[in-house]
Amino acid sequence: MSPNLSAIFYLISGILFIFALRGLSSPETSRQGNFLGILGMAIAIIVTFLSIGNFSTGIIYVLIFLVIGGSIGAFIAFKIPMTDMPQLVAGFHSLVGLAAVFVAIAAFLKPEVFNLGTTGNIKLASLIEMSIGASIGAITFSGSIIAFLKLQGLMSGSPITFKGQHLLNALIGLSIIILIYYLCVTQSSNFFWSLITISFLIGFLLIIPIGGADMPVVISMLNSYSGWAAAGIGFTLENSALIITGALVGSSGAILSYIMCKGMNRSFFNVILGGWGATEQSLSKGTEQRPVKSGNAEDAAFLMKNASSVIIVPGYGMAVAQAQHALREMVDSLKKNGIKVSYAIHPVAGRMPGHMNVLLAEANVPYDEVFELDDINNDFANSDVAFVIGANDVTNPIAKTDPQSPIYGMPILDVEKCKSVLFVKRSLSPGYAGIDNELFYRNNTLMLFADAKKMTEDIIKNLD
Amino acid sequence: MEIDPFIFRLSIFVLSILIGYYVVWSVTPSLHTPLMSVTNAISSVIIVGAIIASLSGNIENIFDISNIFGFLAILLAAINIFGGFLVTQRMLQMYKKKKNK
């Protein structure tokens with residue numbers, strides 16, 4: 001196949017990827033979008049085979065690796081529980097990053113294969129592009145590995161900080177630029193390998209100081225990085241499918257990072273520089289005992305049965321307790337009694353953007369009953385009962401009143417405006433932000449101290 | 001003076017960022033997780049580079065060091081492509097069931 005023809009097909013596959021993302025604008029069109037994405041990928045791969053046209057014995061190995069990788073991927077995709085999606089995505093990001101590094105290495109070792117010049121005499125522009133691609137790829141890889149370990153619980157979620165951390169990172173960042181400069185001047189492979197090594201190191205150092213609560217931002221950010229890495233390689237290979245995809249993924253990740261930061265009212269740099277969960281100072285404040293009203297499943301069932309509208313506020317704790325199915329059953333029996341029920345989702349309710357929506361969808365909650373913060377926040381004032389299950393910080397009214405609080409200014413769900421609030425929680429312990437929730441002590445709040453799943457099941461029994 | 005082809009690639013890149021910006025803002029927040037998994041899958045189109053790296057060059061010497069990096073990159077990208085698209089499909093499937101309920 002001529003280079004011009006294959007370039008046109010690469011363009012088509014890039015366009016199909018755009019439609020794949022466009023399809024996600026509504027659940028109705030999303031499956032079709034995903035199919036277009038698969039089609040785009042198939043076109044890109046087939047065109048690549050055809051454009052090489054040289055079916056030596058090598059192709060057997062290519063197919064073998066394709067099949068092995070594909071089977072592993074398919075196996076993981078079918079086995080992974082939905083609660084583990086954040087880890088999975090982090091793990092996948094690390095693979096994209098590493099693949100970018102490997103392709104860059106292959107291109108550096110054999111530039112003539114990609115028409116980039118000859119070994120030791122690579123075109124300047126290509127050399128810059130491939131070093132940027134390799135460097136970002138390496139950062140994506142090691143950063144995602146750390147994110148994966150933290151999300152999987154194999155590594156403590158608390159931030160790891162040390163003295164001179166930012167200075168060290170700045171120095172490494174500077175040396176990356178210096179190494180790229182010398183690589184371009186000398187074409188020496190030593191600089192290339194050092195560049196990759198040091199990029200692995202900075203990826204690692206960038207993510208360790210970021211706490212568990214900030215993981216939604218980190219995953220989105222790494223998503224963005226994996227896109228920029230792909231785009232860098234796309235420039236090197238002069239491949240429009242890769243450039244388009246890299247740009248799409250890069251901007252997608254950046255937008256998601258922005259949404260997550262806004263959901264926590266934190267600036268991007270504030271998150272990157274680390275340590276929210278690290279500030280423990282506010283913990284000591286909440287030691288004095290204040291009276292709370294606590295109730296049992298029977299009280300909760302009574303309150304909800306006599307309500308005309310109920311808003312459910314789920315948080316990650318609900319998923320940890322695996323209470324989503326029980327919750328949906330409870331809502332079903334409420335609806336049978338003619339009660340209007342909706343779900344309110346805070347942008348950072350899960351461990352990654354949109355995570356809570358997927359968990360609810362898995363439990364067969366219809367997506368048109370699930371609302372985002374902006375769409376439902378005014379409804380709390382007109383609702384009878386708010387049922388908070390597994391959420392905490394995102395309902396804390398202190399975010400509006402106390403400028404001293406670490407979560408001051410964070411958009412919260414106005415749960416306290418409801419006539420009554422049912423708060424399912426194991427104890428009065430603070431959430432991720434390490435601060436006491438004002439809501440516990442309000443007059444209209446009834447605390448339900450129990451495991452989320454058990455409490456929900458007990459409420460169901462009492463509803464019948 | 002002739003325009004460097006790099007400028008054309010840069011134009012594609014910049015325009016794609018703009019397209020990405022508008023397309024991603026139109027994605028409904030409830031599908032942000034599938035958005036991440038599908039972007040993951042499509043960014044593995046980097047497999048194109050991996051295939052070229054592993055298939056080109058000296059035919060007698062398939063296991064040249066640069067080919068090996070190509071093969072490894074194919075393996076990683078293939079995990080991502082299949083894993084990414086299938087897990088996205090699995091999630092999107094869950095957004096369907098409710099319709100007939």
Side-chain angles (χ1 to χ4, degrees), chain A residues 17 21-22 24-25 27 30-31 34 37-38 44 48 52 56 58 62 65-66 69-70 72-74 76-77 89 92 95-96 98-100 102-103 105-106 109-110 113 125 223 226-227 230 233 235 237 240-245 247-249 251-252 255 353-355 357-358 361-362 366-367 372, chain B residues 6 9 12-13 16-17 19-21 23-24 26-33 35-40 42-46 48-51 53-57 59 62 65-66 69-89 91-92 94-95 97-98:
Chain A
F17 291 151
L21 300 195
R22 184 75 185 94
L24 290 171
S25 57
S30 61
R31 282 171 297 275
N34 197 41
I38 296 173
T48 309
I52 296 173
S56 65
V62 170
F65 280 105
L66 206 57
I72 298 173
I76 298 172
V89 168
F92 278 171
L95 300 184
V96 180
L98 197 57
F102 285 170
V103 173
I105 292 176
L109 294 176
K110 266 205 195 151
V113 167
N223 186 237
S226 69
I233 303 295
F235 273 102
L237 306 185
S240 54
L242 253 175
I243 296 178
I244 296 174
T245 314
L248 289 178
V249 177
S251 47
S252 162
I255 290 172
H355 193 195
N357 302 77
V358 171
E362 190 190 18
Y367 58 80
E372 304 301 318
Chain B
F6 171 80
R9 289 194 286 278
I12 296 178
F13 181 64
S16 302
I17 292 179
I19 293 174
Y21 180 85
V23 169
V24 171
S26 77
V27 171
T28 165
S30 68
L31 292 176
H32 276 163
T33 297
L35 171 68
M36 293 193 88
S37 59
V38 85
T39 50
N40 222 312
I42 63 173
S43 58
S44 305
V45 73
I46 201 158
V48 165
I51 294 173
S54 53
L55 273 189
S56 313
I59 295 165
I62 306 165
I65 181 86
S66 76
F69 276 113
F71 286 132
L72 290 176
I74 290 179
L75 182 75
L76 299 176
I79 296 178
N80 244 319
I81 293 171
F82 283 79
F85 280 124
L86 289 173
V87 85
T88 308
Q89 192 63 28
M91 276 189 272
L92 296 178
M94 300 186 311
Y95 283 81
K97 285 178 208 137
K98 296 93 229 181

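Proteins get letters first, then strands, A, B, ... in listed order; numbering begins at 1 in each. The shown structure was predicted, so the numbers you read here are calculated from the model rather than taken from an experiment.
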**Student:** Using a 4.5 angstrom heavy-atom cutoff, name the option from B:Ile81, B:Ile12, B:Thr28 with the most pairs to chain A.
**Tutor:**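 It is B:Thr28.
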**Student:** Does any part of the side chain of B:Phe69, heavy atoms only, come nearer than 4.5 Å to the side chain of A:Val103, both counted from C-beta?
**Tutor:** no
**Student:** Measuring only between side-chain heavy atoms, which start at C-beta, is A:Asn223 closer than 4.5 Å to B:Thr39?
**Tutor:**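 Of all side-chain heavy-atom pairs linking B:Thr39 with A:Asn223, at least one is under 4.5 Å.
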**Student:** Is chain B contacted by the side chain of A:Thr245, its backbone, both, or neither, given a heavy-atom distance below 4.5 Å?
**Tutor:** side chain
**Student:** Could you point out which residue of B:Thr88, B:Thr33, B:Leu31, B:Leu92 forms a side chain to side chain contact (heavy atoms under 4.5 Å, CB included) with B:Val38?
**Tutor:**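 Only one of B:Thr88, B:Thr33, B:Leu31, B:Leu92 forms a side chain to side chain contact (heavy atoms under 4.5 Å, CB included) with B:Val38, namely B:Thr88.
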**Student:** How many angstroms lie between CG in A:Leu21 and CG in A:Asn34, if you round to the nearest 0.5 Å?
**Tutor:**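 Output value for this atom pair is 10.5 Å.
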**Student:** What residue, out of A:Val96, A:Leu237, A:Ile76, has the most heavy-atom pairs lying under 4.5 Å from chain B?
**Tutor:** A:Val96
**Student:** Select, from B:Arg9, B:Gln89, B:Met91, the one with the greatest count of heavy-atom pairs under 4.5 Å involving chain A.
**Tutor:** B:Arg9
**Student:** Rounded to the nearest 0.5 Å, how far apart are CD1 of A:Ile233 and CD1 of B:Ile46?
**Tutor:**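 A:Ile233 CD1 to B:Ile46 CD1: 5.0 Å, rounded to 0.5 Å.
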**Student:** Using a 4.5 angstrom heavy-atom cutoff, name the option from B:Ser44, B:Gly20, B:Ser30 with the most pairs to chain A.
**Tutor:** B:Ser30
**Student:** A:Leu242 versus chain B, heavy atoms under 4.5 Å apart: side chain, backbone, both or neither?
**Tutor:**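 For A:Leu242, backbone and side chain are both near chain B.
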**Student:** Taking side chain as everything from C-beta outward and backbone as N, CA, C, O, which of these in A:Ile38 sits under 4.5 Å from a heavy atom of chain B? Side chain, backbone, both or neither.
**Tutor:** both
**Student:** Heavy atoms only: give me the nearest A:Ser25-B:Ser26 pair and the separation to one decimal.
**Tutor:**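 Here A:Ser25 and B:Ser26 meet closest at CB-O, 3.2 Å.
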**Student:** Non-hydrogen atoms of chain A under 4.5 Å away: do they reach the side chain of B:Ile42, the backbone, both or neither?
**Tutor:**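 B:Ile42 touches chain A through backbone and side-chain heavy atoms alike.
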**Student:** For chain B, which candidate among A:Ile255, A:Ile72, A:Leu98 shows the most heavy-atom pairs at distances under 4.5 Å?
**Tutor:** A:Ile255
**Student:** Given the options A:Ala230, A:Gly37, A:Ser240, which has more heavy-atom pairs under 4.5 Å with chain B than any of the others?
**Tutor:**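 Highest number of heavy-atom pairs under 4.5 Å: A:Gly37.
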**Student:** Flag the pair B:Phe6 / A:Phe235 as yes when their ring centroid distance falls below 6.0 Å, and as no otherwise.
**Tutor:** yes
**Student:** Among B:Ile51, B:Leu86, B:Leu75, B:Val45, single out the residue with the greatest number of heavy-atom pairs under 4.5 Å to chain A.
**Tutor:** B:Val45
**Student:** Could you check which of B:Leu72, B:Ile65, B:Ile19, B:Leu35 has the highest count of heavy-atom pairs closer than 4.5 Å to chain A?
**Tutor:**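 Max contact count across the listed options: B:Leu35.
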**Student:** In the structure I gave you, are the side-chain heavy atoms of A:Phe17 and A:Ile244 within less than 4.5 Å of one another anywhere?
**Tutor:** no
**Student:** Find the one option among A:Ala74, A:Ser30, A:Gly70, A:Ser226 whose heavy-atom pairs under 4.5 Å with chain B are most numerous.
**Tutor:**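 Max contact count across the listed options: A:Gly70.
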**Student:** Please confirm whether the backbone N or O of B:Ala50 pairs with a side-chain atom of B:Ser54, one donor and one acceptor, at under 3.5 Å?
**Tutor:** yes
**Student:** Should the pair B:Tyr95 and A:Tyr367 be assigned to parallel (<30°), tilted (30 to 60°) or perpendicular (>60°) ring geometry?
**Tutor:**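 Plane angle between 30° and 60°, so tilted.
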**Student:** For chain A, which of B:Leu76, B:Asn40, B:Ile74, B:Val23 has the most heavy-atom pairs under 4.5 Å?
**Tutor:**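 Option with the greatest count: B:Asn40.
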**Student:** Can you tell which part of A:Ala125 gets under 4.5 Å to a heavy atom of chain B, answering side chain, backbone, both or neither?
**Tutor:**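 Contact with chain B is absent: no heavy atom of A:Ala125 under 4.5 Å.
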**Student:** In terms of heavy-atom proximity below 4.5 Å to chain B, should A:Ile105 be classed as side chain, backbone, both, or neither?
**Tutor:** side chain
